[in-house]
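Read through the structure below, which is laid out as structure tokens, and then see the notes.
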Protein chains: 2
Amino acid sequence: MIRIGIVGYGNLGRGVECAIRQNPDMKLVAVFTRRNPASVHILTEHVPVVPMADAAQWKDKIDVMILCGGSATDLPMMSPAIAKEFHVVDSFDTHAKIPEHFAAVDTAAKESGHVAIISSGWDPGLFSLDRLYGQAILPQGKDYTFWGIGVSQGHSDAIRRIPGVLDARQYTIPVPAAMDRVRCGENPELTAREKHTRYCYVVAEEGADKAAIETAIKTMPHYFADYDTTVEFISMETLEKNHKGMPHGGSVIRTGKTGWNEECNQTMEFKLTLASNPQFTASVMTACARAAVKMHDRGITGCQTIFDIPPLDLHSGSREELLATLL
Amino acid sequence: MIRIGIVGYGNLGRGVECAIRQNPDMKLVAVFTRRNPASVHILTEHVPVVPMADAAQWKDKIDVMILCGGSATDLPMMSPAIAKEFHVVDSFDTHAKIPEHFAAVDTAAKESGHVAIISSGWDPGLFSLDRLYGQAILPQGKDYTFWGIGVSQGHSDAIRRIPGVLDARQYTIPVPAAMDRVRCGENPELTAREKHTRYCYVVAEEGADKAAIETAIKTMPHYFADYDTTVEFISMETLEKNHKGMPHGGSVIRTGKTGWNEECNQTMEFKLTLASNPQFTASVMTACARAAVKMHDRGITGCQTIFDIPPLDLHSGSREELLATLL
């Protein structure tokens, strides 16, 4: 039995809780929170909610801590700190800062003899993996990542910060014509605008200047200015009714050429269609918790990523079983 | 530089030769054949074609032998034998006999201290890998493999054995409606007939009984009887002109449920669209040759599969580079 602790109980933490329930070789031991534990109600019966500060006391009762904090401020502190006492899995997703995060976590995990798997999820995570397999197998080629249709939390938050906005939901939508050009091996150079469009559902305050809000969104640098953006004002009721889900997904496409004169088009595509983005990320992290234990059993320590994990370490089956049934 | 030998020079061997040319960290050293070497003309200049029987003499000049023989009779003998002197990569694809082949190769490779990667390619190979990732991440779910549109060599050969047939090409075609049902999370139980159709282009001898040939094909057990099969008679010219390619591909789809009450549909799909089946298989094998060397450098020996290979061992980049650019 792999004994798991969850650190942080938002959408992602709850997703991990659900995923553990689907894996008979795992057991949820405790949930750790910075909030008042009495205010946190989890789904699993007979599992305690414990103050974050007491985590170290659970050292002998938990194998892997799955860290469900944010990448901006939580994980850079949390992952190295908790890797001193436990194996850890995080979903650190600030791509540009991964090498720095890796180094900090690696030092902590190596010193304490633990395995720490960072940046697990789907991007970074499975999408990164498919970019890697694509490049390794088809070295003459190009890879493309399309995201969506899905809700982008960061873009939704950016809209919410505009004066006069009560709530908002931003959908990232890949451009089908661009995907078709990629899939047929054209290897196009595509701008941000050509790859994705952005659709914003906005709830405005009564009497707010909607034209001003729309302009503020469409001209916002980095977030919207480089995209074709559509803004639709809706009521709070409609938003609650139709836009409470957290769907996401996308495709990683590798188009390569093989043959003596590179005469053959070869295309690899990996596509995710997710009804719940946080639950899927949680499911990847939970499989990584198993890999952390299996890798440690073979004497491995330090920081690891999905690139380092022999795939069968993610699966509950034995090598013999997987060779016989899956290969 | 990884020094490679190719054993067997058919479509697959030629594909490996082309793939090596695309990987600047690899070098083709020699091609080994059971035919008269003088009759084998390879594409790379200044590389010798050598009798198979002399392979052992190349022990110090070659790191990895990529074995391009057939699974029925060549590889069961060849892979364990050659693993005594070299690292080897094969594409053994008789799914039911993989455990047996694994055991034989493992013994030979462990005794000699080599790494032997078997069953590399796309099925077995990448498709197996995607079945594994799917099951590990979405344990409550179902996976489906669809093949095609593509030429099946085994089915084409079966038709050629019918009296009165001069040549034939069989295309396996996935049923779009079945794929749609799977993708939308319906988790249907599908029979062979519901998943794939078979389309046969047949060149008959002058005066042959076409009706009898058509019946012989459509009622052939295992190969065609369980499928909706279409037979079209064409001329040798048309076959030469339109059906000389070896396209293939397919999709592995994992449809899973997440959430406390399994209320969210999550779909992972991996799709290959290949203009040349043997060249793509060869490209996977060539990346595996790199992995064999990297794994051996870390002290690993014995038989390995794509399930055992840490993904970054397939890529020519360093860990630091891949973390910074791909993750």
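Letters A, B, ... are given to chains in the order of the sequence lines, protein chains preceding strands, and every chain is numbered from 1. Heavy atoms only: backbone and side chains are in, while hydrogens, waters and symmetry mates are out.
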Side-chain donor-acceptor pair present, B:Arg183, B:Thr267, cut-off under 3.5 Å: no
A:Asp308 (side chain) donor-acceptor with A:Thr305 (main chain) under 3.5 angstrom: yes
Chain B contact via A:Ser276 - side chain, backbone, both or neither, heavy atoms under 4.5 Å: both
Donor-acceptor pair, side chain of A:Thr255 and main chain of A:Gly185, under 3.5 angstrom: no
Heavy atoms from other residues, nucleotides or ligands near NZ of B:Lys27 exceed 12 (cutoff 6.0 Å): no
Heavy-atom contact with chain B under 4.5 Å, split by part of A:Cys184: neither
Heavy-atom pairs under 4.5 Å with chain B, option from A:Arg290, A:Glu263, A:Arg131 with the top count: A:Arg131
A:Tyr133 versus chain B, the contacting section by heavy-atom distance below 4.5 Å: side chain
Nearest non-hydrogen partners of B:Gly125 and B:Ile306, listed with the distance: O-CG2, 3.8 Å
Per-residue contact mode, A:Thr44 against chain B (heavy atom under 4.5 angstrom): both
A:Glu100 versus chain B, the contacting section by heavy-atom distance below 4.5 Å: neither
Residue, of A:Thr286, A:Thr273, A:Leu326, that accumulates the most heavy atom pairs under 4.5 Å with chain B: A:Leu326
A:Ile253 portion near chain B, given a 4.5 angstrom heavy-atom threshold: neither
Region of A:Asp313 that comes under 4.5 Å of a non-hydrogen atom in chain B: neither
Donor-acceptor contact below 3.5 Å, side chain B:Gln279 vs main chain A:Cys264: no
Residue B:Lys97 excluded, over 12 heavy atoms near NZ under 6.0 Å: no
Chain B contact via A:Phe270 - which portion, at a heavy-atom distance below 4.5 Å: both
Under 4.5 Å from any heavy atom of chain B - which part of A:Arg14: neither
Interchain contact, A:Ala324 with chain B, by part (heavy-atom threshold 4.5 Å): both
A:Ser316/A:Asp25 under side-chain hydrogen bond (donor to acceptor under 3.5 Å, both in side chains): CA gap, chis, key distance, verdict: CA-CA 7 Å; A:Ser316 61; A:Asp25 59 339; 5.0 Å; no
Backbone N/O of A:Glu269 and side chain of A:Arg254: donor-acceptor pair under 3.5 Å: no
Contact winner vs chain B - A:Ile309, A:Val252, A:Asp123, heavy-atom pairs under 4.5 Å: A:Ile309
Which portion of A:Ile98 sits near chain B, non-hydrogen atoms under 4.5 angstrom: side chain
Among B:Trp260, B:Phe102, B:Phe307, residue most engaged with chain A (heavy-atom pairs, under 4.5 Å): B:Trp260
Engaged part of A:Glu320 at the chain B interface, taking heavy atoms whose separation is under 4.5 Å: neither
Expected output: side-chain A:Ser128 to main-chain A:Pro124 donor-acceptor under 3.5 Å: no
Residue selection (most heavy-atom pairs with chain B, distance under 4.5 Å) from A:Pro99, A:Gly259, A:Gly249: A:Gly259
Chain A contacts, top residue of B:Gly317, B:Ala136, B:Pro311 (heavy-atom pairs, under 4.5 Å): B:Pro311
Pick from A:Leu272, A:Leu132, A:Leu129, A:Asn265 with the largest number of heavy-atom pairs that fall under 4.5 Å of chain B: A:Leu132
Minimum heavy-atom distance A:Gly13-A:Ile6, with the two atoms named: O-CD1, 3.6 Å
Structural part of A:Leu314 lying under 4.5 Å from a heavy atom of chain B: both
Greatest number of heavy atom pairs closer than 4.5 Å to chain B - which of A:Gly245, A:Ser283, A:Pro247, A:Ala287: A:Ser283
Parallel, tilted or perpendicular, as decided by the 30° and 60° cut-offs, for the rings of B:His101 and B:Phe92: parallel
Flag, side chain of A:Lys110 to backbone of A:Val115, donor-acceptor distance under 3.5 Å: no
